[in-house]
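Notes follow once the structure below has been shown.
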Amino acid sequence: MYREGMPGTQPLADEAILRLVDECENECASIFRSFDKVAEKGQYKVLSAMKKARLSDTHFSFTTGYGYDDAGRQATEKIFADVFGAESSLVRTQIVNGTHAIFTVFSGILRPGETLLYCTGEPYDSLFQGIGLTGDSRNSLASHGIGYKQTGLLENGGIDFPALEKALTPDVKMACIQRATGYSSRRALLIDEIAQWAAFVKSRSPDVVTMVDNCYGEFLEESEPTEVGVDIVAGSLIKNPGGGLALSGGYIAGKSQLVGLAAERLTCPGIGGECGLTFGQTRNILQGLFLAPGAVRNAVRGAVLAAAVMGRLGFDVKPLPGDPRSDIVQTITLGSKEGLIAFCEGIQAASPVDAFASPIPAPMPGYEDEVVMAAGGFVTGSTLELSADGPVREPFNVYFQGGLTYEHAKTGVISAAERLRIKGFPG
Ligand SMILES: *Cc1c(COP(=O)(O)O)cnc(C)c1O
């Protein structure tokens with residue numbers, strides 16, 4: 001269609017790029033199909049949870065004031081808990097993002113003298129200040145006397161079990177995994193690896209709380225970390241589980257006692273999860289959850305296509321098109337600031353909102369380097385919608401993700417490839 005140029009439109013890209021993308025799409029057909037089973041299982045889980053909670057129209061209205069006994073909030077949290085195979089959950093618009101959800105878990109559970117152990121190398125950039133690795137906040141874990149240490153990943157991207165064994169000293173109270181790639185060049189950890197890790201930690205140190213930063217990982221595999229032995233997970237509603245419809249918020253799911261501690265940190269002791277309005281967001285959040293398994297499948301197909309196309313154009317990509325996936329993020333190494341910007345310009349130009357804007361590098365609260373972002377979604381900052389972003393630092397990786405529909409993700413890939421071509425990449 002865009003080939004012919006509809007009245008008033010121009011072909012989206014150079015003929016050679018359109019041909020390349022079609023070729024890659026054909027080559028990826030069986031990979032694409034492999035995601036159907038996971039989406040079906042996810043859809044069934046969500047549907048079953050909604051039926052079990054006897055979800056009805058009345059749950060979409062909301063209380064005011066304190067929000068005691070808000071039926072919609074309670075149903076939502078029951079449904080999330082079920083979908084994640086957890087005892088309970090907190091699903092709140094008051095959780096402002098994924099960083100806040102994760103930090104709420106840390107600060108609710110860890111006490112002075114205890115140590116947080118990361119088992120996947122450095123945590124996500126936006127957690128540095130909360131942990132106290134940078135900055136000088138009086139509210140960081142460090143300034144409350146909570147220690148931090150980490151073990152790195154092996155050459156193959158897997159958990160370093162011998163290092164982990166040594167690191168599990170008596171002061172360690174929580175062991176954490178970041179499931180997704182984040183702003184690094186590592187791969188995402190698979191659910192089987194997470195299960196093995198959780199079992200290992202429990203076998204050595206039964207009292208250590210296992211936690212997974214689940215951002216970008218939801219619905220990528222048939223099980224979630226809390227279904228395979230992990231104590232608690234946290235993530236963002238404007239990523240996978242919000243299905244593109246949740247306007248804001250975060251979730252925490254896991255053992256009731258731990259979720260309760262996090263809830264007391266989010267609000268205060270004595271109140272916990274018993275208060276807090278939904279502000280009428282229950283419908284968006286639940287309909288988003290309902291659409292999430294399919295949207296995640298569309299996004300991951302888009303990521304595979306991006307890997308295939310950008311790989312053929314000569315850029316390093318991770319994961320490779322056929323690699324197993326446990327997040328929706330596709331890393332593409334562009335090798336220069338100009339390449340990074342050109343890619344993001346292509347994605348921005350293919351966005352339904354703010355397509356006219358030009359992404360430029362800028363400082364971002366909570367991030368150490370300048371970040372360039374292409375984001376033109378219906379929900380600002382939603383990265384289950386087609387988006388690309390990357391810190392302006394070597395090796396100039398762009399993190400491409402999202403696409404509520406596969407067709408949109410494909411359009412984004414074409415547009416980014418075209419923009420790179422116009423700018424003379426790869427050079
Ligand atoms: C997005 C993300 C977070 C949290 O980010 P927010 O922007 O605060 O929602 C944490 N960890 C990982 C791996 C992420 O991708």
Side-chain angles (χ1 to χ4, degrees), residues 90-107 116 118-131 133 150 153 157 176-191 193-194 211-220 224-225 230 232-244 246-253 262 266 285 288 292 296 299-300 303 318-319 325-331 362-369 371-375 377 379-391 397-402:
L90 268 183
V91 182
R92 301 289 166 125
T93 53
Q94 288 87 359
I95 299 178
V96 301
N97 56 23
T99 306
H100 184 201
I102 295 162
F103 184 74
T104 302
V105 172
F106 292 164
S107 57
L116 168 66
Y118 249 72
C119 308
T120 44
E122 285 188 347
Y124 190 69
D125 293 47
S126 63
L127 292 163
F128 273 49
Q129 293 190 35
I131 294 171
L133 298 172
Q150 67 189 39
L153 292 164
C176 189
I177 273 187
Q178 177 184 306
R179 179 172 174 184
T181 299
Y183 279 169
S184 69
S185 291
R186 51 165 283 216
R187 65 176 174 84
L189 284 182
L190 303 176
I191 285 292
E193 297 175 289
I194 293 174
M211 140 113 193
V212 170
D213 166 356
N214 208 28
C215 287
Y216 280 139
E218 300 90 351
F219 297 115
L220 261 291
E224 293 298 330
V230 168
I232 191 162
V233 291
S236 166
L237 293 189
I238 62 167
K239 290 180 179 172
N240 305 11
L247 298 184
S248 187
Y251 77 93
I252 293 167
L266 179 67
I285 290 173
V296 167
V300 77
K318 201 171 189 171
R325 293 190 180 239
S326 197
D327 70 15
I328 60 167
V329 182
Q330 180 61 46
T331 308
M364 280 259 300
Y367 293 80
E368 301 301 314
D369 297 280
V371 175
V372 56
M373 291 203 165
V379 171
T380 308
S382 163
T383 43
L384 182 60
E385 296 187 60
L386 181 68
S387 51
D389 47 75
N397 283 339
V398 74
Y399 302 91
F400 167 95
Q401 65 268 315

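Computed over heavy atoms, backbone and side chain alike; hydrogens, waters and symmetry mates excluded. This one's a predicted model, so the numbers in the text were calculated from it and none came from an experiment. Ligands are counted one by one from 1 in listed order, and the atoms in each one are counted from 1 as well.
Taking every non-hydrogen atom of Tyr216 and a distance limit under 4.0 Å, the qualifying atoms of ligand 1 come out as 15 (O). For ligand 1 and Gly98, the ligand atoms under 4.0 Å from any heavy atom of the residue are 4 (C), 6 (P), 8 (O), 9 (O). Remark: ligand 1 atoms within the under-4.0 Å shell around heavy atoms of Ser236 are 9 (O). Residue Ile102 approaches ligand 1 through these ligand atoms, each under 4.0 Å from one of its heavy atoms: 10 (C). Residue-ligand proximity, Gln178 to ligand 1, at heavy-atom distances under 4.0 Å covers atoms 13 (C).
Taking both residues in full, the closest heavy atoms of Pro391 and Asn397 are given as CD-O, 4.3 Å, listed atom of the first, atom of the second, then distance. Nearest approach of Asn240 to Ala292, heavy atoms of both residues: O-CB, 3.3 Å. Residues Lys239 and Thr383 approach most closely at CG-OG1, 3.4 Å, considering heavy atoms. Minimum interatomic distance between Leu133 and Pro123 (heavy atoms only, all atoms of both residues): CD1-CG, 4.0 Å.
For the residue pair Thr181 and Asp327, a side-chain donor N or O sits within less than 3.5 Å of a side-chain acceptor on the partner.
Among all protein heavy atoms, the one lying closest to atom 7 (O) of ligand 1 is Tyr367 OH, 4.1 Å. Closest to atom 11 (N) of ligand 1, if we only count protein heavy atoms, is Asp213 OD2, 2.6 Å. Closest to atom 14 (C) of ligand 1 among all protein heavy atoms lies Lys239 NZ, 3.0 Å. Looking from atom 8 (O) of ligand 1 to the surrounding protein, the closest heavy atom is Thr99 OG1, 2.5 Å.
Residue Val96 places every heavy atom at 4.0 Å or more from ligand 1.
Rounding to the nearest 0.5 Å gives a distance of 9.5 Å between CG of Leu247 and OG1 of Thr380. If you take CG on Asn97 and SG on Cys215, they are separated by 8.5 Å, rounding to the nearest 0.5 Å.
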